[in-house]
Amino acid sequence: MINYIPENQLSIEEFKTPFQTSLLSDNRWVVLSKLVPWDAFASIYISMMNTDMGRPGISPRMVLGALIIKHKENLDDRGVIAAIQENVYMQFFVGLKAFSTAPIFDPSLFVEIRKRVGANTFDELNKNLIKSVSELKDKKHGKKKKDNDDLPPNKGKIQLDATVADQYITHPTDSNILNQSRKQCEKMIDKLYELNNKKGTKPRTYRRKLDMAFLNYVKKKNKSKSTHRKMNRKLLESLKRNIGHINRLLDIFEKRKVAFPLSHKEQWMLWIVNIVYEQQKLMYDNKVNSSKDRIVSIFQPHVRPIPRGKIKSKIEFGSKLGVSLDNGFARVGTLSWDVYNESKDLIPQIEDYKELHGYYPELVLVDKIYPNRKNRSWLKERAIRITAPPLGRISKERKEESYYKKRKRKKEAAERNHIEAKFGQGKNGYNLNKIRAKLRLTSESWIAAIFFVMNLINYQKIKTFEFFFTIIGRVKSVIKGIRMHLEQALSNNTTVKHYLITRYGFESYLKIQFNFLSKP
């Protein structure tokens, strides 16, 4: 069942509080609540639920409001619920009618919310924000048609780039991954031996010796290559021995024809440990440092090493994002957990721009990896410019181009830095480089929520400037009307003429009238 109050039925004046004073209408949460597309999210969220059966669900406004507060304030799941309990304005923001000291829902529910509200849902909300800003301009521009063509002329700019949203995991090393795998196997051996009623001799794991050896290895500050290989060899041997013990114990339960003793989570972990052993054994035997689909965390096996070539870190561990920036609004076009060449994002992201606005952009701002031959020819067919030098030798026209064109080209190339600033905003302000979700789906939802919050802040800035310019326009129109009345008074009223001529003289009167009428 659905529990939702529409956006237009909530106002700050009707919010009931136990305090004497009324709430401020210009509070940041009250102002932001007027800009969030609550009803658009509610329609998407309600479509995922059963409207006829079950207990009443949590309000969609409460769900989205809690997610926005979480990422805007950089709080953990428990911190969000506690902050809403303590803050009256946050309670209004999430859709409550009156102040309450009870938690709006249990913090553990955030995991299920992230599974349900995925990246596609937040992308629809981002589209909603972009359309609300550019809808009128798009309709006017859509009426202009090219000769012998159904499409309007190209307009606008779009910036494209890629980044990595780092998962919040321990920096992976071969020995650490093997040691974690060893400990997981030891837990399974202990459980299986207990379930087998401790029959026979317990399989030997030599855990105390290995714990001491690994501790001595970690304490060494300067480790040689032979030290790494020696530790890895010990851990590989112990891991192979433990996997063999587990398989033999599982065979005993299979012969007795009883229920499988390991839970689904433990089976999944055993499968991951086997893959880790195969990968690490292959790298150890061949003396290499890479393998296909390499696992860098046994608790998040979907995470892959992403080579980036940055000064700070040459390799990052997380998901690779192909992002487009349109009028300050960022959209994640591609979210991949594997390495890929971001030049493949150019055509799909420009097509998404056309689908959203109804026309192609005039200019695409990218770095050097995007303009390959395929992308160049595709852009040339559609008369889309790109901030990249042409292939081949420098042409005569390029050598003889004017100073204005050179300055314009440099200015356009520098505008690509806006998308780099957006990445900096996400990583420094909203922890885009510290994704704390563990599952693939919840991590993708976490990333998409961060971009939605950044777009919401950008939308708030745009609306504030629109309101400011609207007021200036109204003031200008009032001043223009007053000036017109004064012009008529100066030209028609003989009393004003006589006073100005007698007070300042005829020449001064002409100067006053000329200066007044010549003002814009």
Side-chain angles (χ1 to χ4, degrees), residues 1-46 55-114 116-117 121-122 125 128-129 132 425 429-431 436 445-446 449-464 466-468:
M1 296 179 68
I2 307 302
N3 178 20
Y4 177 64
I5 300 173
E7 179 184 352
N8 54 8
Q9 294 184 15
L10 286 172
S11 63
I12 190 65
E13 290 78 15
E14 297 174 356
F15 190 81
K16 299 176 182 178
T17 68
F19 313 115
Q20 293 285 338
T21 58
S22 59
L23 299 181
L24 299 174
S25 59
D26 59 347
N27 180 270
R28 58 174 180 151
W29 295 109
V30 178
V31 174
L32 189 62
S33 67
K34 298 175 184 178
L35 302 175
V36 180
W38 302 112
D39 294 340
F41 175 78
S43 62
I44 299 171
Y45 189 78
I46 290 171
R55 57 178 289 186
I58 297 173
S59 168
R61 174 161 180 164
M62 199 173 289
V63 169
L64 182 59
L67 289 172
I68 291 172
I69 291 170
K70 172 183 173 56
H71 293 291
K72 196 171 186 302
E73 299 296 310
N74 282 330
L75 301 171
D76 60 358
D77 292 350
R78 293 187 183 90
V80 175
I81 303 302
I84 294 172
Q85 278 182 271
E86 300 162 0
N87 194 313
V88 181
Y89 291 103
M90 285 185 180
Q91 292 191 11
F92 170 78
F93 183 75
V94 298
L96 296 181
K97 290 184 176 180
F99 179 76
S100 173
T101 57
I104 55 172
F105 55 79
D106 191 84
S108 62
L109 194 61
F110 269 111
V111 179
E112 297 301 322
I113 289 172
R114 291 188 199 102
R116 181 175 293 170
V117 184
T121 303
F122 285 109
L125 296 178
N128 197 306
L129 293 178
S132 63
Q425 179 190 4
Y430 300 96
N431 289 338
R436 294 175 180 267
S445 176
W446 189 301
I450 290 174
F451 277 94
F452 172 68
V453 170
M454 289 195 294
N455 289 337
L456 199 60
I457 301 302
N458 183 56
Y459 181 72
Q460 186 177 9
K461 290 178 182 178
I462 291 173
K463 286 298 178 182
T464 303
E466 284 182 359
F467 177 73
F468 177 70

Test side-chain contact (heavy atoms from CB on, under 4.5 Å) on F122 and L67 and set out the steps.
CA-CA 11 Å; F122 285 109; L67 289 172; 3.8 Å; yes
Give the intermediate values and the outcome of side-chain contact (heavy atoms from CB on, under 4.5 Å) for residues I450 and W446.
CA-CA 6 Å; I450 290 174; W446 189 301; 3.6 Å; yes
Test side-chain contact (heavy atoms from CB on, under 4.5 Å) on V63 and F41; report intermediate values, then the result.
CA-CA 10 Å; V63 169; F41 175 78; 4.2 Å; yes
Take K72 and L456 through the side-chain contact (heavy atoms from CB on, under 4.5 Å) test and state the conclusion after the steps.
CA-CA 10 Å; K72 196 171 186 302; L456 199 60; over 6 Å; no
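By the 30° and 60° cut-offs, the orientation of the rings of F110 relative to F105 is perpendicular.
Under the 3.5 Å distance criterion, the side-chain polar atoms of S33 are left unmatched by any main-chain donor or acceptor of F93. Although no hydrogens or angles enter the test, the distance criterion places a donor-acceptor pair under 3.5 Å between the side chain of Y89 and the main chain of L24. Remark: the backbone N or O of S100 is paired with a side-chain donor or acceptor of Q91 at under 3.5 angstrom. Side chain of D77 to main chain of S108: no donor-acceptor pair is present (N/O by atom type, distance under 3.5 Å, no hydrogens or angles).
In this structure, L125 CG and T121 OG1 are separated by 7.0 Å, a value rounded to the nearest 0.5 Å.
Considering every non-hydrogen atom in both V80 and K70, the closest pair reads CG2-CB, 3.3 Å. Here the closest non-hydrogen pair linking G79 and L75 is O-CD1, 3.9 Å. The two atoms that bring L129 and L35 nearest to each other are CD2-O, 4.4 Å, heavy atoms only. Listed here is the closest heavy atom pair of W38 and G65: CZ3-N, 3.8 Å. For the pair M90 and W29, the tightest heavy-atom approach, listed with the atom from each and the gap, is CE-CZ2, 3.7 Å. Here the closest heavy-atom approach between residue N74 and residue G429 is recorded as ND2-O, 2.7 Å.
A 4.5 Å side-chain heavy-atom check between I58 and L109 finds at least one atom pair inside the cut-off. Between N87 and I69, the closest side-chain pair of non-hydrogen atoms is not below 4.5 Å.
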